[in-house]
Q: 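Before anything else, here's the structure in question.
We're numbering straight along the sequence, starting at 1.
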Amino acid sequence: MLADALTSVLAIVALFAGWFLGWIWLYAIMGIVGAVIIAKWAFTLIREASPILLDKSSSSLGALKIELEQRRNLEVKDLHVWTLAQNHLAAIVSVVPGQDVDSEMIRRDLQKLLPRLSHITVELLTEG
């Protein structure tokens with residue numbers, strides 16, 4: 001909205017300058033400047049929103065999986081982490097737990113390893 005307001009102000013200034021000073025070329029230049037401002041804003045928006053909209057997964061899942069397995073002596077069958085919003089992640093983990101391991105322990109471990117986790121689903125599997 002700010003970019004749109006700025007281009008509108010530039011267009012109004014260019015119209016008045018063209019009218020009072022006879023600079024009819026200024027309106028075209030302000031149109032180009034406005035297009036550049038909008039294009040820059042749109043590119044930034046696409047760059048920031050596309051990982052969220054395309055459900056981009058975290059690239060360090062292998063290290064996270066190993067760390068989680070070593071902390072509780074369990075086997076991670078599946079781990080998926082994705083972005084919900086800027087600074088908010090979600091995770092689904094399926095594990096074969098070791099002795100005396102429950103889902104709450106795994107949830108706390110994941111929260112410590114990835115502090116930005118807002119939603120965690122833990123699935124406990126049985127061997128076999």
Side-chain angles (χ1 to χ4, degrees):
M1 287 181 20
L2 184 60
D4 190 34
L6 181 61
T7 56
S8 296
V9 169
L10 289 175
I12 292 169
V13 168
L15 282 173
F16 279 118
W19 187 5
F20 290 116
L21 302 173
W23 297 349
I24 58 173
W25 49 267
L26 190 59
Y27 188 71
I29 290 175
M30 288 303 144
I32 293 170
V33 169
V36 169
I37 291 170
I38 296 290
K40 183 180 179 333
W41 169 81
F43 179 73
T44 302
L45 180 64
I46 290 169
R47 189 181 66 231
E48 290 176 1
S50 62
I52 297 167
L53 297 173
L54 296 174
D55 193 27
K56 181 182 177 195
S57 185
S58 177
S59 61
S60 62
L61 291 182
L64 181 64
K65 180 180 174 181
I66 291 169
E67 178 70 24
L68 188 59
E69 287 176 336
Q70 290 174 348
R71 279 180 175 233
R72 296 287 178 189
N73 191 24
L74 50 82
E75 181 184 359
V76 176
K77 292 289 189 177
D78 186 35
L79 175 62
H80 184 71
V81 178
W82 68 96
T83 304
L84 293 174
Q86 187 180 24
N87 296 325
H88 293 281
L89 300 174
I92 295 177
V93 61
S94 298
V95 300
V96 177
Q99 284 187 312
D100 299 326
V101 176
D102 64 12
S103 61
E104 197 56 42
M105 291 175 177
I106 297 168
R107 187 174 281 112
R108 281 193 306 266
D109 286 344
L110 273 172
Q111 190 70 51
K112 288 177 187 174
L113 293 169
L114 289 173
R116 297 185 310 143
L117 279 175
S118 299
H119 180 76
I120 304 167
T121 302
V122 178
E123 179 184 22
L124 299 177
L125 307 172
T126 57
E127 292 184 87

Q: Which residues, ordered by chain and number, are linked to Val13 in its hydrophobic cluster, where ILVMFWY side chains connect at heavy-atom gaps below 4.5 Å, directly or through other members?
A: Val9
Q: Suppose we screen for side chain to side chain donor-acceptor pair (under 3.5 Å). Which residues come up paired with Ser94, at least two apart in sequence or across chains?
A: Glu123
Q: Indicate yes or no: at least one non-hydrogen side-chain atom of Val76 is less than 4.5 angstrom from one of Leu64.
A: no
Q: Could you measure the distance from the CG atom of Leu114 to the CD1 atom of Ile120? Nearest 0.5 Å is fine.
A: 8.5 Å
Q: With sequence neighbours excluded, tell me which residues meet side chain to side chain contact (heavy atoms under 4.5 Å, CB included) with Arg116.
A: Asn87, Leu89
Q: Not counting sequence neighbours, which residues clear side chain to side chain contact (heavy atoms under 4.5 Å, CB included) with Glu75? List them please.
A: Glu69, Lys77, Val96
Q: Excluding sequence neighbours, so at least two apart, what forms side chain to side chain contact (heavy atoms under 4.5 Å, CB included) with Asp102?
A: Glu104, Met105
Q: If a pair satisfies salt bridge (Lys or Arg N to Asp or Glu O under 4.0 Å) and one of its residues is in residues 12-33, list it, with sequence neighbours excluded.
A: none
Q: Drop me the distance from Asp109's CG to Glu67's CD, to the nearest 0.5 angstrom.
A: 8.5 Å
Q: For Leu15, does the CG atom have more than 12 heavy-atom neighbours from other residues, nucleotides or ligands under 6.0 Å away?
A: yes
Q: Show me the donor-acceptor pairs within less than 3.5 Å that the side chains of residues 36-48 make with the rest of the protein, sequence neighbours left out.
A:
unit_1, atom_1, unit_2, atom_2, d
Thr44, OG1, Lys40, O, 3.0

Q: When rounded to the nearest 0.5 angstrom, what distance separates CG in Leu117 from NE2 in His88?
A: 11.0 Å
Q: Got a second to check how far Ser103's OG is from Leu110's CG, nearest 0.5 Å?
A: 11.0 Å
Q: With Ser8, which residues qualify under side chain to side chain contact (heavy atoms under 4.5 Å, CB included), at least two apart?
A: Asp4
Q: Measuring from Leu26:CG to Leu10:CG, what's the distance to the nearest 0.5 Å?
A: 9.0 Å
Q: Listed by chain and number, what are the side chain to side chain donor-acceptor pair (under 3.5 Å) partners of Arg108, not counting sequence neighbours?
A: none
Q: Among Leu125, Asp78, Leu74, Leu79, find the residue that satisfies the side chain to side chain contact (heavy atoms under 4.5 Å, CB included) test when tested with Val95.
A: Leu74
Q: Using a side-chain heavy atom cutoff under 4.5 Å and only I, L, V, M, F, W and Y, what cluster partners does Phe20 have?
A: Ile12, Phe16, Trp19
Q: Quick check on the hydrophobic clustering: are Trp23 and Ile32 connected, directly or via other members, by side-chain heavy-atom contacts under 4.5 Å?
A: no
